[in-house]
2 protein chains.
Amino acid sequence: MAMDRDQVLRDAAALLSRKSTATMDEVARAAGIGRATLHRHFAGRDALVRALEDLGIREFEVAFDNARLDEGTAVEALRRLVAEAEPNAELLAFLVTENQLFEGDEVNEGWARLDARVTALFRRGQEEGDIRIDLSPAWLTEALYGLIGSCAWAVMDGRVAAKDFQYMIIELLLGGARRSVEK
Amino acid sequence: MAMDRDQVLRDAAALLSRKSTATMDEVARAAGIGRATLHRHFAGRDALVRALEDLGIREFEVAFDNARLDEGTAVEALRRLVAEAEPNAELLAFLVTENQLFEGDEVNEGWARLDARVTALFRRGQEEGDIRIDLSPAWLTEALYGLIGSCAWAVMDGRVAAKDFQYMIIELLLGGARRSVEK
DNA sequence: CAAGAATGAGACGTCAGTGTCTCAATTGGT
DNA sequence: ACCAATTGAGACACTGACGTCTCATTCTTG
């Protein structure tokens, strides 16, 4: 069977986001391939992590494009964004939790660019009056990442149904847990 | 200077939550002590992690007690909970992200007990009509952990002011990002 | 069906991190 | 000021993971 590079990386992300000290052998097993094959495609652990960063940035660059963050209201764009992010949620969880990586790297740049797009989205929502102004765009961005990661883990552990992924994130992020009188 | 065991563990958690592959030497430096001293107090890396689990569970057991989760409305209790959790937010972040640890351990039990208390709090809020019923208590629990961890990191990185910690978490968790018409 | 490419399993040397030890320096209590 | 306890720094051997290699097997392509 031909190795699906991206799928291997996704499996690696799912494992490493939960057990970042996992052995290369464990990563290989988690991806269903041999350790030798893993080394053939990724020179070493560093290269693997670098590849995870690259894939993550590329995937979310595409996801953001597909979500058309500039179209419609910010709230609508946010819904599309979460939907587009779902397939790569575990990858995002890994990148967010392991940002030891962003130390003097140029990867920092790619990530900063993504960050800026999300932050700008929230800011636009604030300017249009749809998003609260007492919560900073930077915090809302972090919170979005955190909720996506948390939900991805909850789904992995079976505490949240996969089909509820988008709903749980969007509803909590936008509406909050408190039950409003109206509605 | 006498070594402050708990402070060392807190420093270790702050580092390990962001760089879980950190060396014992790096942990020691982060805690401002020598590697030998670190080994004197914690037999090894496993023992260190175990100590982090123990401290975390103990701290949050106390924090939950102090928050008096059964008194007043669930929303009020939740505010107290976040306030009590703040000093140990980085510790929580470590425990939540590195739950590889919970594999056949008895630590699982301590954590499950804490989990149950938070989940029960959200459930109580739902029964009292203050919390939305379309978001499961299990998810709200995970989301709370995630937001606390995310905010702790954001504060560490300077993206959120430390003084806004409680406000950012509580307001987002309870009220959501969307700006409601009334209010 | 045959030739080429890719994979899995295992063996092997290497090395960074670990855990232990010693000893001088510092600290804290009396 | 003294003594006991603790610490930091360094040296040391050891271990587990890493990275490379080989070879038989499987998969792919024409």
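Residue numbering restarts at 1 for every chain, and letters A, B, ... go by the order of the sequence lines. Just so you know, these numbers use all the heavy atoms, side chains as well, and skip hydrogens, waters and symmetry mates.
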Ion pair present between A:Arg80 and A:Glu71, side-chain N to carboxylate O less than 4.0 angstrom?
no
Could you tell me which residues satisfy side chain to side chain donor-acceptor pair (under 3.5 Å) with A:Glu142, sequence neighbours excluded, listed by chain and number?
B:Arg159
Below 4.0 Å: OP1/OP2 of D:dC21 and any side-chain N or O of A:His39:
no
How long is the line joining NE2 of B:His41 and P of D:dA5, in whole Å?
15 Å
For the helix from C:dC1-D:dG30 to C:dT30-D:dA1, what is the angle between the axes at its two ends, each from 5 pairs, rounded to 10°?
60°
On DNA chain D, nearest-nucleotide positions of A:Arg40 versus A:Met24: which is more 5'?
A:Met24
Whole-Å distance, A:Phe42 CZ to D:dA17 P, equals 21 Å
Can you figure out which of C:dT18, C:dA9, C:dC21 approaches the side chain of B:Thr23 most closely?
C:dT18
In whole angstroms, the gap separating P of C:dG10 from CG of A:Leu38 amounts to 17 Å
Do B:Thr97 and A:Thr97 have side-chain N/O donor and acceptor atoms under 3.5 Å apart?
no
Using a cut-off of less than 4.0 Å, is there contact between a side-chain N or O of B:Arg45 and OP1 or OP2 of C:dG17?
no
Salt bridge or not for B:Glu26 and B:Arg35, using N-O below 4.0 Å?
no
Any Lys/Arg nitrogen of B:Asp25 or B:Arg29 sitting under 4.0 Å from an Asp/Glu carboxylate oxygen of the other?
yes
Measure CG/B:Leu48 against P/C:dT18 and give the value in whole Å, please.
10 Å
Whole-Å gap separating C1' (D:dG16) and CG (B:Asp46):
13 Å
Check: D:dG19 base within 3.5 Å donor-acceptor of A:Arg35 side chain:
yes
Give the rounded distance in Å between these two atoms: CG of A:Asp4 and P of C:dT7.
11 Å
Nearest whole angstrom, please: distance from the P of D:dA17 to the CD of A:Glu26.
8 Å
Which residue lies more 5' along DNA chain C, comparing A:Arg29 with B:Asp25 via nearest heavy atoms:
A:Arg29
Between the side chains of A:Glu98 and B:Lys19, is the shortest nitrogen-to-carboxylate-oxygen separation below 4.0 Å, so that they form an ion pair?
no
Check whether any side-chain N or O of B:Ser20 sits under 3.5 Å from a backbone N or O of B:Ser17 as a donor-acceptor pair, and report yes or no.
no
